[in-house]
S.K.: 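Have a look at the structure that comes next, please.
One-based numbering along the sequence shown.
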Amino acid sequence: QVQLVESGGGLVQAGESLRLSCLASGGTFSTYAMGWFRQAPGKEREFVAAISWRGGSKLYADSVKGRFTISRDNAKNTVYLQMNSLKPEDTAVYYCAARTALVPVPKPTAFDYWGQGTQVTVSS
């Protein structure tokens, strides 16, 4: 069983930055594609970014391209989401997810394990 624990969320003003981290345990992290999703109140969970097992392939939602960067450190069993130029519409609970496959897919249903989420709030 894979456990995922997110950290790094918080309250920031528009234009500022945050870096989310997700620490994985209980599985073979280096063989999983990893992803970040978010869910705002009253909305469905949506794809944000994903990365392949070695980091060679990255996917981004159009809404975050050029502002967010996903990366991973397999030696630390950790995936990151660097979020720059944050906007109020980025406010949501952000979830880390693991897919027991090498390549990422930008759909929640393609992922097998989920963290509990971390709140990101961007004020205007």
S.K.: Would you tabulate the side-chain donor-acceptor contacts of residues 99-112 under 3.5 Å, counting partners in other chains and residues two or more places apart, or write 'none'?
M.R.:
residue, atom, partner, partner atom, Å
Arg99, NE, Ala110, O, 3.1
Arg99, NH1, Val103, O, 2.5
Thr100, OG1, Asp112, OD2, 2.8
Asp112, OD2, Thr100, N, 2.9

S.K.: Could you grab the distance from atom CG of Leu23 to atom NZ of Lys76, nearest 0.5 Å is fine?
M.R.: 11.0 Å

S.K.: Using a strict threshold of under 4.0 Å (side-chain N to carboxylate O), is an ion pair present between Asp62 and Lys65?
M.R.: yes

S.K.: Hey, is the main chain of Ser52 close enough, under 3.5 Å, to the side chain of Arg72 for a donor-acceptor pair?
M.R.: yes

S.K.: Nearest 0.5 Å, what's the CD-CD distance between Glu46 and Gln39?
M.R.: 9.5 Å

S.K.: Do you know which two heavy atoms are closest between Ala40 and Ala92, and how far apart they sit?
M.R.: N-CB, 3.9 Å

S.K.: How close do Ser124 and Pro88 get, counting heavy atoms only, and between which atoms?
M.R.: CB-CG, 3.8 Å

S.K.: Look only at the side chain of Gln3 and the backbone of Gln1, and say whether a donor-acceptor pair between them is shorter than 3.5 Å.
M.R.: yes

S.K.: Any chance NZ of Lys58 has more than 12 other-residue heavy atoms, nucleotides or ligands included, within less than 6.0 Å?
M.R.: yes

S.K.: Looking at Gln116, I want to see if its CD is surrounded by more than 12 non-hydrogen atoms of other residues, nucleotides or ligands under 6.0 Å.
M.R.: no

S.K.: If you take all heavy atoms of Thr28 and Thr31, which pair is closest and at what distance?
M.R.: O-OG1, 2.8 Å

S.K.: If you link I, L, V, M, F, W and Y whenever their side-chain heavy atoms are under 4.5 Å apart, who else ends up in the same group as Val79?
M.R.: Val2, Leu4, Val12, Leu18, Leu20, Phe29, Tyr32, Met34, Trp36, Val48, Ile51, Tyr60, Val64, Phe68, Ile70, Leu81, Met83, Leu86, Tyr94, Tyr113, Val120, Val122

S.K.: Okay, side chain of Asn74, backbone of Trp53: is any donor-acceptor separation there less than 3.5 Å?
M.R.: yes

S.K.: Enter the distance from Asp73:CG to Ser30:OG here, rounded to the nearest 0.5 Å.
M.R.: 11.5 Å

S.K.: Does Ser85 offer a backbone N or O that forms a donor-acceptor pair with the side chain of Arg67 under 3.5 Å?
M.R.: yes

S.K.: Tell me, which pairs form a side chain to side chain donor-acceptor pair (under 3.5 Å) where one or both residues lie in residues 5-20, sequence neighbours left out?
M.R.: Ser17-Asn84

S.K.: Of all heavy-atom pairs between Phe47 and Phe37, which one has the smallest distance, and what is that distance?
M.R.: CA-CD2, 3.4 Å

